[in-house]
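Heads up: the structure comes next, in structure tokens.
Quick caveat: nothing in here was measured; it's all calculated off a predicted structure.
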Amino acid sequence: MKQWTVTSLFFLYIILIFLNNSCSPDNQNSSHISLVKQKKIDSLNFYFEIASNTSQTKEKQLEALINFLKGAKKLEMDSLRYKGLSLQAKLFNKYEGPQKAIDQSYLLLELAQQNKDSSYIAKALYRLGFYNKKLDNYLEAFEYYNHSFKISRNIKDSINAGRCLMAMSNIQRVLGDHNASKTTATDGLKYLENSSEYKIISGLYHSISISFNQLKNPQEALLWNSKVLNLLNDSIAKNRIGIQNLPIFKNTRANILAGQKKYDESIDILQSLLKDQDVLQKRMRYAQILSNIGHIKFLQNPNNSESEKMLLEALNIREQGKSILGLFASYIHLTKYYRNKDIEKAKYHAHKAYQTIKDVGDYEALLEVLTLITELDPKSLEDHQRFKEASLQLMELRKKTREIYAPTRFENENLLKENERKNRKISRVRNQNAIYLLGILLLLTGIGFVVYFFRQQMRHLNQQNKIAQFEASYETETRISKRLHDELGNDIFQVMLQYQNDPHDPQIKDKLNSTYIRARDISRENNEFETGEAYAEELNNMLQNYAQNGIRLIVIGFDKMDWNDMDKTIKLTVYRVLQELMTNMQKHSQASLVKLMFSNTNNTLQIKYSDNGVGMAEEHVKSKNGLRNTEKRIEAIRGTLIFDSEKDKGFKAVIQIPN
């Protein structure tokens with residue numbers, strides 16, 4: 001009993017001390033400050049609720065948000081500033097367009113970077129991707145999403161990582177790179193396994209389904225579409241995905257079935273959607289379903305009397321709603337409907353589709369309509385050129401998005417961390433060794449030798465830099481020559497047109513042969529050549545190739561030259577300069593005799609060129625791009641090139657290069 005009494009008194013003493021401390025002036029003051037701050041936060045949250053309320057006017061929303069941001073800045077609460085800047089970007093996007101939202105997202109990114117807040121850095125980058133995509137800046141959007149994904153992955157934010165990959169997959173799908181889109185979406189699912197992020201998961205399933213359908217694999221497309229529809233059987237998932245998105249997934253299923261020529265099943269799905277209250281309330285969605293039914297009925301029976309009426313009704317609804325992508329789809333459907341019925345109407349709708357999509361940046365859609373236009377009017381060179389340009393732009397975008405994501409995809413986090421640890425250890429050892437070595441070198445060599453060595457090294461580096469620049473120029477020329485060889489598109493294009501007009505035209509074969517010969521000649525003029533032991537033979541063969549069609553070539557002193565002792569840079573320069581002079585002779589001089597004299601005295605290589613052609617005035621010599629380039633080549637290796645030419649008195653040149 002006594003022990004219990006002592007214990008009770010002890011706990012009573014502790015409680016009295018606690019109550020005394022709680023009532024002390026310092027604690028009362030702290031509590032008062034906390035209450036004041038909380039009231040301010042409550043006041044700011046009131047402004048935030050007004051700004052978030054979509055029933056409020058634009059002016060009231062923006063005014064409330066400005067008050068919220070000012071208060072958050074005064075309180076120095078970055079969590080509130082993040083929230084405010086995020087909402088401001090959304091409102092700017094809604095009222096003033098994506099560009100304003102991009103500017104605001106940069107402020108959010110800057111604040112997050114100042115605080116080194118990786119989570120909000122990733123969110124800001126995602127927003128920059130989102131708003132750039134709205135402006136059809138697909139490459140910029142893809143880069144921002146990829147950057148956001150990498151940060152989210154590293155901080156283990158699997159939800160945002162999956163969301164980024166879904167957005168990246170959608171961009172690849174818009175660009176028609178369906179294999180890449182499927183791969184990216186599949187990667188995204190790995191980050192959301194066993195999660196309840198049903199909206200992102202359904203988006204990834206949907207992207208994979210569309211990609212398989214575009215890749216002519218309808219069985220897999222239906223399988224992944226079924227995964228989406230099965231998700232919607234769960235009430236929680238349906239609530240998070242949104243029942244309003246169900247028509248999108250069912251419309252995709254109808255398109256897949258139509259591709260398999262299961263027209264009755266496809267039409268049944270679409271007709272059931274036309275009775276859906278959500279579809280009836282959304283006129284653009286209704287027009288989409290109606291246009292698809294009209295198109296599929298036409299595919300089932302080209303003489304179906306209902307198709308034209310449905311397609312035109314859908315077009316009328318979309319014209320009232322000014323839906324760009326919707327209008328494009330309607331014009332495409334009508335083009336295909338009229339293609340074999342009324343060629344002029346088909347052309348009209350095809351050109352309307354082109355005008356609708358040409359400035360949007362959707363190159364996949366652009367290629368689709370240009371394909372139809374060139375089929376309807378195969379003689380239109382302008383449309384063929386547009387098709388070629390759009391195709392090249394699309395291929396370039398696809399290539400760049402793959403180049404951005406490929407290295408990211410194959411990164412291994414654990415390996416990177418292990419390598420980072422090893423690199424830090426190696427770096428420490430190297431730094432220690434470098435310090436010891438530097439001390440020994442300083443003691444042994446002294447300041448004078450260091451200064452001398454530094455100067456000599458700088459001279460050597462400058463010379464090496466010039467040589468590297470020159471060799472880079474040579475490599476660039478080689479690449480250009482190969483591309484010219486591969487891309488003689490205009491000549492081939494003309495032959496294609498001729499083939500379309502008359503496949504049996506006997507001139508086609510001759511023109512193809514001529515095009516091939518020209519490509520080969522261009523390649524030979526600019527291709528790589530041997531600069532080692534076989535250089536003399538290469539140079540001699542090049543010169544002899546110009547001794548044709550009645551042109552006589554006299555070469556003096558060539559056999560006495562010791563080319564093996566010469567620097568590679570000099571060999572490159574001599575070859576290209578002589579090639580330019582011989583090409584200029586063949587194209588312009590009308591010469592029948594060319595003379596070349598080689599000598600090497602006093603460590604100076606000298607080459608004298610002369611021909612008996614028509615020559616040219618001095619001002620014409622200076623205006624020739626090729627001849628100006630030869631001067632630059634010679635000057636780059638501290639040589640000289642002197643031209644001597646007068647009209648009707650032949651052409652002469654003297655080359656001198658220090659050896």
Output, in order, the C-alpha distance, side-chain angles, deciding distance and verdict of side chain to side chain contact (heavy atoms under 4.5 Å, CB included) for Ser118 and Asn154. CA-CA 9 Å; Ser118 297; Asn154 293 339; over 6 Å; no
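- Among pairs with a residue in residues 55-72, those fulfilling side chain to side chain donor-acceptor pair (under 3.5 Å) read Asn53-Ser55, Gln61-Tyr95, at least two apart in sequence or across chains.
- For Lys83, the NZ atom counts as densely surrounded, since its 6.0 Å shell holds more than 12 non-hydrogen atoms of other residues, nucleotides or ligands.
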Below 3.5 Å, can you tabulate the donor-acceptor pairs from side chains in residues 234-247 to any protein atom, sequence neighbours excluded?
from: Asp234; atom 1: OD2; to: Ile236; atom 2: N; distance (Å): 3.1
from: Asp234; atom 1: OD2; to: Ala237; atom 2: N; distance (Å): 2.9
from: Arg240; atom 1: NH1; to: Ser196; atom 2: O; distance (Å): 2.8
from: Arg240; atom 1: NH1; to: Ser196; atom 2: OG; distance (Å): 2.9
from: Asn245; atom 1: ND2; to: Ile241; atom 2: O; distance (Å): 2.7

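- Surrounding NZ of Lys134 are at most 12 heavy atoms belonging to other residues, nucleotides or ligands under 6.0 Å away.
- His349 has its side chain out of reach of Leu372: every pair of non-hydrogen atoms, C-beta onward, lies at least 4.5 Å apart.
- Shortest non-hydrogen contact noted between Ala390 and Leu370 is CB-CD1, 4.3 Å.
- For Leu280, the CG atom is densely surrounded, since the number of other residues' heavy atoms within 6.0 Å is greater than 12.
- At distances below 3.5 Å, not a single donor-acceptor pair connects side-chain atoms of Ser291 with backbone N or O atoms of Ala287.
- In this structure, the side chains of Leu85 and Tyr120 stay at 4.5 Å or more apart for every pair of heavy atoms.
- Across every non-hydrogen atom of Leu192 and Ser158, the tightest pair is CD2-O, 3.8 Å.
- Side-chain N or O atoms of His178 include none that pairs as donor or acceptor with a backbone N or O of Phe212 at under 3.5 Å.
- The residues Glu368 and Lys336 are annotated as salt-bridged, a charged nitrogen and a carboxylate oxygen being separated by less than 4.0 angstrom.
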Would you please test Lys227 and Phe249 for side chain to side chain contact (heavy atoms under 4.5 Å, CB included) and show each step? CA-CA 10 Å; Lys227 287 177 179 284; Phe249 305 135; over 6 Å; no
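- The side-chain tip of Lys133 does not point at the ring of Phe130 from less than 6.0 angstrom away and within 45° of straight on.
- A heavy-atom distance below 4.5 Å is found between the side chains of Glu364 and Arg398.
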Pair Leu189-Ile208, side chain to side chain contact (heavy atoms under 4.5 Å, CB included): steps then yes or no: CA-CA 10 Å; Leu189 289 173; Ile208 294 170; 3.8 Å; yes
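- Crowding of Lys347 atom NZ: a count of heavy atoms from other residues, nucleotides or ligands under 6.0 Å exceeding 12.
- The nearest pair of heavy atoms linking Leu366 to Lys358 is CD1-CA, 3.9 Å.
- The CG atom of Asn217 sits 8.5 Å away from atom NZ of Lys182, with the distance rounded to the nearest 0.5 Å.
- Between the side chain of Ser211 and the backbone N or O of Ser207 there is at least one donor-acceptor pair closer than 3.5 Å.
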Asp157/Ser119 under side-chain hydrogen bond (donor to acceptor under 3.5 Å, both in side chains): CA gap, chis, key distance, verdict: CA-CA 8 Å; Asp157 183 353; Ser119 177; 4.9 Å; no
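- Closest heavy-atom contact between Ala51 and Leu87: CB-CD2, 3.7 Å.
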Verdict with reasoning, Asp103 to Lys100, per salt bridge (charged side-chain N to carboxylate O under 4.0 Å, His left out): CA-CA 5 Å; Asp103 296 338; Lys100 280 283 188 180; 5.4 Å; no
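- The heavy-atom pair separating Val228 from Ser202 by the smallest distance is CG2-O, 3.9 Å.
- Residues Ser152 and Ala161 share a closest heavy-atom pair of CB-N, 3.8 Å.
- A salt bridge links Arg339 to Glu375: at least one charged side-chain nitrogen sits closer than 4.0 Å to a carboxylate oxygen.
- Checked by atom type and distance alone, the side chain of Ser307 never pairs as donor or acceptor with a backbone atom of Asn303 at under 3.5 Å.
- Crowding of Glu76 atom CD: a count of heavy atoms from other residues, nucleotides or ligands under 6.0 Å not exceeding 12.
- Contacts of Phe298 classified as ring pair (Phe, Tyr, Trp, His ring centres under 6.0 Å), with partners at least two apart in sequence or in another chain: Tyr337.
- Residues forming a side-chain hydrogen bond (donor to acceptor under 3.5 Å, both in side chains) with Glu382 (at least two apart in sequence, or on another chain): Arg386.
- Residues Arg318 and Gln288 have side chains in contact (heavy-atom distance under 4.5 Å, counting atoms from C-beta outward).
- Formation of a donor-acceptor pair under 3.5 Å by the Thr335 side chain with backbone atoms of Tyr331 is found in this model.
- Judged purely by atom type and a 3.5 angstrom limit, Asn225 has no side-chain atom pairing as donor or acceptor with the backbone of Ala221.
- Under the ring pair (Phe, Tyr, Trp, His ring centres under 6.0 Å) criterion, Tyr126 pairs with Tyr145, not counting sequence neighbours.
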Does the side chain to side chain contact (heavy atoms under 4.5 Å, CB included) test come out yes or no for Arg253 and Ser226, once each step is laid out? CA-CA 8 Å; Arg253 190 172 191 83; Ser226 296; 3.2 Å; yes
I'd like to know whether Glu308 forms a side-chain hydrogen bond (donor to acceptor under 3.5 Å, both in side chains) with Tyr338, so could you lay out the CA-CA distance, the side-chain angles of the two residues, the decisive distance to 0.1 Å, and finally the verdict. CA-CA 9 Å; Glu308 183 179 19; Tyr338 288 121; 2.5 Å; yes
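- In this structure, the side chain of Ser86 engages the main chain of Tyr82 through a donor-acceptor pair within 3.5 Å.
- Between the side chains of Asn255 and Asn213, not a single donor N or O lies within less than 3.5 Å of an accepting N or O.
- Annotation: Tyr47, atom OH; neighbour count of heavy atoms from other residues, nucleotides and ligands within 6.0 Å does not exceed 12.
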Using ring pair (Phe, Tyr, Trp, His ring centres under 6.0 Å), reason through Tyr191 and Phe149 one step at a time and then give a plain yes or no. CA-CA 11 Å; Tyr191 288 88; Phe149 161 71; 5.5 Å; yes
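- Between the side chains of Asp264 and Gln300, at least one donor N or O lies within less than 3.5 Å of an accepting N or O.
- With respect to Gln172, the side chain to side chain donor-acceptor pair (under 3.5 Å) criterion is satisfied by exactly one of Thr184, Asp177, Thr401: Thr184.
- In this structure, the side chains of Lys261 and Leu299 stay at 4.5 Å or more apart for every pair of heavy atoms.
- Side-chain contact between Glu389 and Gln385 is present, with heavy atoms from C-beta onward closer than 4.5 Å.
- Checked against salt bridge (Lys or Arg N to Asp or Glu O under 4.0 Å), Lys297 has the following partners two or more places apart in sequence or in another chain: Glu306.
- Side chains of Pro302 and Lys341 form a contact here, defined as non-hydrogen atoms less than 4.5 Å apart.
- Within the 4.5 Å cutoff, no side-chain heavy atoms of Ile373 are placed close to those of Ser380.
- Rounding to the nearest 0.5 Å gives a distance of 11.5 Å between CG of Leu165 and CZ of Arg163.
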Where do Tyr144 and Asn146 land on the side-chain hydrogen bond (donor to acceptor under 3.5 Å, both in side chains) test, with the steps shown first? CA-CA 5 Å; Tyr144 282 123; Asn146 187 62; over 6 Å; no
